[in-house]
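Below: one structure, written as structure tokens.
In what follows, every chain begins at residue 1, and chains take the letters A, B, ... in the order their sequences are listed.
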There are 2 protein chains.
Amino acid sequence: MQLDRIYTGDSANILRNKERFRSGSVDLIITSPPYGHKRKHVYGGIRPKNYVSWFLPIAEQLKRILKPTGSFILNIKEGATNCERETYVIELVLALRDQGWLWIEEFCWYKKNSFPGKWRHRFRDSWERCYHFARQKDFRMYQDAVKVPIGDWSNERFRSMSQKDYIRNVSGTNSKMGRNVANWLGRKKVYPHNVVVFEKEHYERPPNVLRFSTSCKNYNHSAVFPLELPTWFIKLFTRSGNVVLDPFMGVGSTAIAATLLNRSYLGVEIVPEYAQAARRRVGEARQLKKDSGIIA
Amino acid sequence: MQLDRIYTGDSANILRNKERFRSGSVDLIITSPPYGHKRKHVYGGIRPKNYVSWFLPIAEQLKRILKPTGSFILNIKEGATNCERETYVIELVLALRDQGWLWIEEFCWYKKNSFPGKWRHRFRDSWERCYHFARQKDFRMYQDAVKVPIGDWSNERFRSMSQKDYIRNVSGTNSKMGRNVANWLGRKKVYPHNVVVFEKEHYERPPNVLRFSTSCKNYNHSAVFPLELPTWFIKLFTRSGNVVLDPFMGVGSTAIAATLLNRSYLGVEIVPEYAQAARRRVGEARQLKKDSGIIA
DNA sequence: TAGCAACTTGAATCTACCG
DNA sequence: CCGGTAGATTCAAGTTGCT
């Protein structure tokens, strides 16, 4: 099996190739498939009512290719037809469970820069679903990899600790949750919570809500996701040297993120122009990394 | 039918009373029912596997009581069992559609003050679902009532990118939306479809992500939602003098919000102590409004 | 004063093993 | 092989001090 390749073709066919995509060989699948659309000319253009039956055979192959301890991240959002939200996405979740996938989580990707809405009965659609599926309960998850530095507040706060900071404060409900500020003393890194400052930009990243800017450069492709999105999940679910697969690669964000993080990638893209753009962009990213001497 | 009353009792029974809850009499139903729970001591404690069949008869009555042009807002979030998310919430959505409801929208309530936190295979849950259902396509919606000044919108949107970048980005897409935004950049005005013009001011249509903090004063109730949540939906879907129903009233947030906005309310609460607390809190709110001379 | 910034630990459930 | 039990695993509708 060759790594770091982007195949031009239809995932519904090409994923069945057991030499190119060997069973149990991939650590993470992350993808944003074509969404169901009423209008045929939009990218992909699977009809909502056919969506589940179109996706299931592909998911069957993905299950074969994924390592038993791997994860599958599916970025998707149903549209609205005739005033109603489509149901194919939630039907797909139930169908994937029937196929043997475990539905672990639904992350909310809150899109900071969503376009304004223009509908009388509907607001701007400013979030998408990122489903996390796994093959078995003990999938790999590297939570420490997404820790962030503790805030500057801690210096001041820890200097003047009050009596109450040293005792455990339990909530008034019977939830048994509590906090003890003294336990945070000396901590360098913390789990992601609300506002993360990164290169002077503020990103919000509470546990299962992700807030990134949408991509600035969209390469004439209507569904590019920002690098931060695959980056976050690649850090969370893989380690250096692991393999990441995107069966609907588009212009290659997943492959670029994987490359910058020293992971290998595999991709499939049906539109030749997109596949070509993806290969070029990955090459540029690899060069950039080499030039800058970054060893992640 | 008497208005501004909170009945102590079980919604599964009491909503069938056609004198207390007359057919087609309510403009908005907003509620946060007990979630499915494994733990018995938690409020409500309906088992996930029984949830849909428990809820459907109640929803049938809600459909009877709601005006044809009214809306039903359901705040809920599934938990996790044995490493997987429960499926009863998405099954409920499909079942409610079968019952004749239109699924209009799913708002994301992003709890911006949620704790960080993690378990071996899971981060802390920091968002909940707010489903919007309606009986028919032409439900009432007063978007002006929740408008946001356009200044905030442009500031936030362009904080992280230059306007030139934005034009370049947007004009690369084939979407019509892109041209609208590009136009807007040049003229500082947007098509009226994108922006609400109200008293000569331009307002953005809000997104379908709501950012409210969870309530901190819990009144011995483990699941109080913040006043902002019912307030926002009451403004959006009702006018002064309309009637709002909460069949799982808890300590009365919905009734308080309705009172402060000069709407009438109806409520049902099964726990006598909560019902009593709700009546007391509504009375306090009414008094407060009178004292301060606010006429909303 | 408003806003910010941070996990813990008990209990229910699951599983593996033993009688 | 089945059922019961002990040990392991999983999950949680949160607040509040400080600047």
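A sub-4.0 Å separation between OP1 or OP2 of C:dA12 and a side-chain N or O of B:N82 is absent. For B:R47, a side-chain nitrogen or oxygen approaches OP1 or OP2 of C:dT13 to under 4.0 Å. Between B:R122 and D:dT10 there is no side-chain polar atom (N or O) within less than 4.0 angstrom of OP1 or OP2.
Closest to the B:E128 side chain, of the nucleotides D:dC11, C:dA6, D:dA13, is D:dA13. When the nucleotides D:dA12, D:dA13, C:dC14 are ranked by their closest atom to the side chain of B:S32, D:dA13 comes out on top. Of the candidate nucleotides D:dA13, C:dT13, D:dC11, D:dA13 has the atom nearest to the side chain of B:Y35. Side-chain proximity of B:C83 to the nucleotides D:dA13, C:dT8, D:dC11 is greatest for D:dC11.
D:dA13 atom P lies 18 Å from atom CZ of B:F248, rounded to whole Å. Separating the CD atom of B:E84 from the C1' atom of C:dT13 is a distance of 15 Å, rounded to the nearest angstrom. As a whole-Å value, the separation of B:K118 NZ from C:dT9 P is 14 Å. Rounded to a whole Å, the NZ atom of A:K147 is 12 Å from the C1' atom of C:dA6. A straight line from CZ of B:R85 to P of D:dA12 spans 7 Å, rounded to a whole angstrom. Atoms CD (A:E105) and C1' (D:dA12) sit 13 Å apart, rounded to a whole Å. Note: NZ (A:K188) to C1' (C:dA6) measures 17 Å, nearest angstrom. Taking atom CD on B:E78 and atom P on D:dA12, their separation rounds to 10 Å, with Å as the unit.
A donor-acceptor distance shorter than 3.5 angstrom exists from the side chain of A:R122 to the backbone of B:I104, with no hydrogens or angles considered.
Nucleotides D:dA12 and C:dA6 are separated by 23 Å at their P atoms, to the nearest Å. Taking atom P on both nucleotides, C:dA5 is separated from D:dA13 by 25 Å, rounded to a whole Å.
As judged by a 4.0 angstrom heavy-atom cut-off over every strand, B:D125 is placed among residues making no nucleic acid contact. Counting any heavy atom pair closer than 4.0 Å across all strands shown, B:K77 reaches no nucleic acid atom.
In this structure, the side chains of B:Y131 and B:I76 come closer than 4.5 Å at one or more pairs of heavy atoms. Considering only heavy atoms from C-beta on, B:P33 comes within 4.5 Å of B:L74 through its side chain.
In this structure, the ring pair (Phe, Tyr, Trp, His ring centres under 6.0 Å) partners of A:W101, at least two apart in sequence or on a different chain, are A:F72. For B:R279, the side-chain hydrogen bond (donor to acceptor under 3.5 Å, both in side chains) test picks out B:T8, B:Q276, with sequence neighbours left out. Considering only residues two or more places apart in sequence or on other chains, B:E273 meets the salt bridge (charged side-chain N to carboxylate O under 4.0 Å, His left out) condition with none of them.
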> How would DNA chain C look in dot-bracket form, 5' to 3', counting Watson-Crick and G-U wobble pairs with both distances under 3.5 Å and writing | for bases paired to another strand?
Replying inline: .||||||.|||||||||||
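B:K111 forms no cation-pi arrangement with B:F212, by the criterion of a distance under 6.0 Å to the ring centre and an angle within 45° of the ring axis.
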Check: protein-nucleotides 7-9 of chain D nitrogen or oxygen pairs below 3.5 Å:
none

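With respect to B:H132, the ring-ring contact (aromatic ring centres under 6.0 Å, His included) criterion is satisfied by exactly one of B:F233, B:F139, B:W232: B:F139.
Each of B:H121 and B:N75 was matched to the nucleotide of DNA chain D holding its nearest heavy atom; the match closer to the 5' end belongs to B:H121.
Summarising the geometry of B:R124 relative to A:P207, their closest heavy-atom pair is O-CB, 2.9 Å, with the distance given to 0.1 Å.
Annotation: side chain to side chain donor-acceptor pair (under 3.5 Å) contacts involving residues 242-258 of chain B, sequence neighbours excluded, comprise B:T31-B:D246, B:D246-B:T254.
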